[in-house]
Amino acid sequence: MASRIALFMDNQQVDVTHGVFPDGAVWLKVTGTLPSFARVMRIRMAAMRDMNDFMLLAQLVEAVRHVADINISHLELAWLPWARQDRHMVAGDSFALKVFANQLNTLNFDKVFILDPHSDAAAAAIHHCVAIAQETCLLQSETLRRAIRQGELMLVAPDAGALKKIHNVAKASGAQTYAILTKARDVATGNLTGFALVSGDVAGKDLLIVDDLCDAGGTFIGSAQVLRDAGACSVSLYVTHGVFSKGVENLLNNGIDAIYTTTSYASPELAEPRVELIDIDTIFRA
C-alpha cells in the first residue's frame with residue numbers, strides 16, 4: 001500500500017504526483033499552481049511506512065519552499081512509523097523512533113500533529129509535536145460514541161500499558177466502568193502468553209477492546225478468547241492504527257465480531273459491514 005500525501009496552501013489543496021525511478025529512487029512533483037506566498041502550508045501524510053515515504057515528504061517540503069514564501073508549516077502525520085521502537089529494549093537494538101525523529105526534525109515544521117502516538121516518547125523526540133488523543137479519534141465514530149454513552153458497549157483495556165488511555169476514553173465517552181486484561185510479551189521473540197481478565201464483570205455484555213494499534217492481531221485474538229470464556233456476548237475491537245499485517249479476516253475469523261479503525265494506515269477499501277473506517281479528515285478537523 002502506497003503512502004497517501006496531500007498538500008494544502010492556506011486550506012486550498014494543491015495537486016501533487018509522485019512515482020519511482022527505474023533504480024528505485026522515489027520522485028515527487030507539485031503539479032498544481034503554487035502561490036508566491038502562503039500564510040500556512042499544511043501537509044497531510046498517512047500510511048508512511050519507510051524512508052522512501054519520508055523522502056516524498058522531504059521532497060514536497062523542498063519543492064514548495066523553493067517557490068513559495070511560507071509563514072507557518074504544519075504536518076499532519078496520521079501514522080507515526082517506528083513508534084513501537086521507542087527505547088532500547090535488548091542489547092544491540094536501536095532506538096529507531098529517535099533516529100526517525102532526528103530526520104523529521106530537519107524539515108523544521110512549526111507543528112507536527114500525530115494521531116494517538118504509541119507512547120510519550122514521540123512528543124519528547126519530535127519537535128513541536130501535538131498528540132491528538134485516542135479518545136478524540138475514537139469518538140469521531142458516531143456508532144461508538146452512541147453505543148458507549150448508552151451503555152451498549154463495555155470498554156476493555158487489553159493490558160496494563162493501555163490503562164491511562166482507556167481511563168481517558170471512558171471519561172470522555174461517559175462510560176461508567178471498564179474491564180482490564182493482562183498478558184506477557186517476550187521482547188526478544190514477540191511471543192504472547194498469560195492472557196487473563198484481572199478486573200471487570202464481562203458476563204453477558206457486549207465488549208469493545210480499545211488500543212492504539214493492531215499489527216498481526218495476536219493480542220486481540222488471545223484477549224477475545226479470555227473474554228468469551230468469561231461469558232462475553234460479543235467482542236469488538238477499536239484501534240486507531242490498523243496495520244492488519246495478517247488481514248482483518250484473521251481477526252474476524254478468530255473471535256472479533258467487528259473492527260473500528262481510522263484511515264491513518266488502513267486503506268479505505270477495507271470498509272465492509274464488519275469493518276468501520278473513521279476518516280482521518282474528520283479527526284484532524286475535530
Side-chain angles (χ1 to χ4, degrees), residues 1-19 26-49 52-81 83 100-101 103-117 122-123 126-142 144-145 172 212 240-242 260-271 276-286:
M1 179 179 63
S3 65
R4 303 188 296 274
I5 189 167
L7 169 66
F8 302 86
M9 303 293 281
D10 290 335
N11 288 324
Q12 297 298 312
Q13 186 163 4
V14 179
D15 290 339
V16 173
T17 188
H18 57 85
V26 297
W27 59 265
L28 179 142
K29 182 179 182 180
V30 178
T31 53
T33 302
L34 285 170
S36 59
F37 171 80
R39 191 179 70 84
V40 179
M41 173 183 71
R42 177 166 57 93
I43 297 174
R44 178 178 298 167
M45 194 160 195
M48 179 187 280
R49 296 179 301 169
N52 275 338
D53 290 341
F54 174 79
M55 276 297 295
L56 291 177
L57 172 62
Q59 287 180 49
L60 178 55
V61 170
E62 195 280 334
V64 173
R65 290 176 177 163
H66 179 69
V67 173
D69 292 325
I70 307 298
N71 190 14
I72 299 171
S73 300
H74 287 175
L75 173 63
E76 296 173 343
L77 187 59
W79 158 257
L80 177 61
F100 171 73
Q103 298 302 311
L104 183 63
N105 291 337
T106 66
L107 301 182
N108 295 315
F109 284 102
D110 295 291
K111 288 186 179 179
V112 178
F113 299 88
I114 299 175
L115 302 185
D116 191 8
I126 296 172
H127 295 169
H128 315 299
C129 177
V130 179
I132 298 177
Q134 186 175 90
E135 60 269 22
T136 300
C137 301
L138 182 152
L139 291 174
Q140 300 315 304
S141 165
E142 183 179 351
L144 293 180
R145 187 168 63 247
D212 62 313
T240 304
H241 311 292
Y260 302 85
T261 191
T262 79
T263 54
S264 70
Y265 191 98
S267 168
E269 298 174 357
L270 283 181
E276 179 184 311
L277 292 173
I278 305 167
D279 192 334
I280 59 172
D281 184 61
T282 66
I283 301 173
F284 283 120
R285 288 189 291 109

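Computation of the quantities below employed the complete heavy-atom set of this structure, encompassing side-chain atoms and omitting hydrogens, waters and symmetry-equivalent molecules. Please read these numbers as outputs of a predicted model, since none were measured by experiment.
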> Can you find a pair of side-chain heavy atoms, one from Ile126 and one from Phe109, that are under 4.5 Å apart?
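Ile126 does not reach Phe109 side chain to side chain.
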> Can you tell me how far the OG atom of Ser264 sits from the CD1 atom of Ile114, to the nearest 0.5 Å?
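So the OG of Ser264 and the CD1 of Ile114 are separated by 11.5 Å.
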> For a 4.5 angstrom cut-off between non-hydrogen side-chain atoms, does Thr261 reach Leu270?
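No; the side chains remain at least 4.5 Å from each other.
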> For a quick test of your reading: what N or O donor-acceptor pairs under 3.5 Å do the side chains of residues 31-43 make, sequence neighbours left out?
| residue | atom | partner | partner atom | Å |
| --- | --- | --- | --- | --- |
| Thr31 | OG1 | Asp15 | O | 3.4 |
| Arg42 | NH1 | Glu76 | OE1 | 3.4 |
| Arg42 | NH2 | Asn11 | OD1 | 3.3 |

> Report yes if some heavy atom in the side chain of Leu107 is under 4.5 Å from a heavy atom in the side chain of Val112; otherwise report no.
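Counting from C-beta outward, Leu107 and Val112 never come under 4.5 Å.
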> CD/Gln134 to NE2/His241 distance, rounded to the nearest 0.5 angstrom?
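It comes to 8.5 Å.
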> Could you tell me which non-hydrogen atom of Pro268 sits nearest to which non-hydrogen atom of Thr263, and how far apart they are?
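Looking at all heavy atoms of both residues, the shortest contact is CG-CG2, 4.1 Å.
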> Atom CH2 of Trp27 and atom CG of Asn52: how far apart are they, to the nearest 0.5 Å?
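Interatomic distance, Trp27 CH2 to Asn52 CG, rounded to 0.5 Å: 13.5 Å.
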> Would you name the heavy atoms of Ser141 and Glu276 that are closest together and state the gap between them?
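Scanning both residues completely, I find the closest heavy atoms to be OG-OE2, 2.7 Å.
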> Is there a donor-acceptor contact under 3.5 Å from the side chain of Thr106 to the main chain of Gln103?
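Yes, Thr106 side chain to Gln103 backbone: donor-acceptor pair under 3.5 Å.
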> With sequence neighbours excluded, tell me which residues meet side chain to side chain contact (heavy atoms under 4.5 Å, CB included) with Ile132.
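Applying side chain to side chain contact (heavy atoms under 4.5 Å, CB included) to Ile132 gives Phe113, Leu115, Thr136, Cys137, Ile283, Phe284.
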> Return the NE2 to CE distance between His18 and Met55, rounded to the nearest 0.5 Å.
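If we round to the nearest 0.5 Å, His18:NE2 and Met55:CE are 13.5 Å apart.
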> Testing Arg65, His128, Lys111 for side chain to side chain donor-acceptor pair (under 3.5 Å) with Ser73, which one passes?
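Result for side chain to side chain donor-acceptor pair (under 3.5 Å) with Ser73: Arg65.
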> Using side-chain heavy atoms (C-beta onward) and a distance below 4.5 Å, is Gln140 in contact with Thr262?
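No, their side chains stay 4.5 Å or more apart.
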> Trp79 side chain to Met48 main-chain N or O, any donor-acceptor pair under 3.5 Å?
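Answer holds: yes.
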> Counting distance only, does the side-chain N/O of Gln59 pair as donor-acceptor with the main-chain N or O of Val26 below 3.5 Å?
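Such a contact is found between Gln59 side chain and Val26 backbone.
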> Is the closest side-chain heavy-atom distance between Val64 and Met9 below 4.5 Å?
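Yes; the side chains approach each other to less than 4.5 Å.
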> Hey, is the main chain of Asp116 close enough, under 3.5 Å, to the side chain of Thr240 for a donor-acceptor pair?
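Absent.
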> Hey, does Met45 have a side-chain heavy atom less than 4.5 Å from the side chain of Leu60?
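Heavy-atom side-chain distance check fails, nothing below 4.5 Å.
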> For Asp10, which residues count as a salt bridge (Lys or Arg N to Asp or Glu O under 4.0 Å) partner, sequence neighbours excluded?
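Here no residue qualifies.
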> Stepwise, does the side chain to side chain contact (heavy atoms under 4.5 Å, CB included) test hold for Tyr260 with Leu138?
CA-CA 8 Å; Tyr260 302 85; Leu138 182 152; over 6 Å; no
> Can you check whether Leu104 reaches Leu57 side chain to side chain, under 4.5 Å on heavy atoms?
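SC-SC contact between Leu104 and Leu57 confirmed.
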> When you compare the side chain of Tyr265 with that of Arg49, does any pair of heavy atoms fall below 4.5 Å?
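Yes, at least one pair of side-chain atoms sits under 4.5 Å.
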